[in-house]
Amino acid sequence: EEDVPAILRIYNYSIETSAATFDLEPQTLEYRLEWFSHYGDHYPLIVAEWEGITVGYSSLSQFRTKPAYDPTVELSVYIDEAYQGKGIGNRLVEEMLARGKALGFHSVISGITAGNEVSVKMHDKFGFRLIGSFKEVGMKFGKWHDVLFYQLFFDELQKP
């Protein structure tokens, strides 16, 4: 819980500067603490630290609310801009996928805004496959954005 302010800082920066998230307004600490309460043993949330500073985080969350979807989770990864390109995202994803497999999940989905080639390459490294895209589903910064959906089955998990 002590990492939530840093998580909020990282996420709000992404809201304000990128289409990686379709949130349009920065979130409050109270909102993010409520969000944090949904994680724990079943849905993990981890942070990456660099010299004692929280510089990124990753989570597995509920994919959809209907019970038949329970074996599938959604992966999220956010890295502080100043620490991107240092392999932190890869380490977070590697650990999160290991946890998802240990928890017995069947598959993991990632939604990636088209044009985010760094995220696409990272998902490719882990064996995710493009399974489809939704065209022009998000309007941000005065522009329509497509979302690409990638999927990995935990029994096909490979290290980068």
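No hydrogens, no waters, no symmetry mates; every other heavy atom, side chains included, goes into these values. Note that this is a predicted model, so its numbers are computed, not measured.
Across every non-hydrogen atom of Tyr69 and Arg64, the tightest pair is CD1-CB, 3.1 Å. Annotation for Gln27 and Asn12: closest pair N-OD1, 2.7 Å, computed over non-hydrogen atoms. The two atoms that bring Ile15 and Phe141 nearest to each other are O-CZ, 3.9 Å, heavy atoms only.
Residues that satisfy the side chain to side chain contact (heavy atoms under 4.5 Å, CB included) test with Ile46, not counting sequence neighbours, are Ser58, Leu92, Glu95, Met96, Arg99. Residues satisfying the side chain to side chain contact (heavy atoms under 4.5 Å, CB included) test with Lys86, not counting sequence neighbours, are Trp50, Tyr83, Ile88.
A perpendicular orientation is assigned to the rings of Trp35 and Tyr57, their planes being inclined by more than 60° (bins at 30° and 60°).
No continuous path of ILVMFWY side-chain contacts below 4.5 Å connects Phe128 to Phe153, so the two sit in separate hydrophobic clusters.
Residues Asp3 and Thr54 bring a donor and an acceptor atom of their side chains to less than 3.5 Å of each other.
More than 12 heavy-atom neighbours from other residues, nucleotides or ligands sit within 6.0 angstrom of CD on Glu16.
Residues Phe149 and His123 place their aromatic rings such that the two centres sit no closer than 6.0 Å.
Grouped with Val118 in a hydrophobic cluster is no other residue, since no side-chain heavy-atom contact under 4.5 Å to another Ile, Leu, Val, Met, Phe, Trp or Tyr is found.
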Open item on the list: Pair His145, Thr113 - check side chain to side chain donor-acceptor pair (under 3.5 Å), show working.
Closed with: CA-CA 7 Å; His145 297 276; Thr113 306; over 6 Å; no
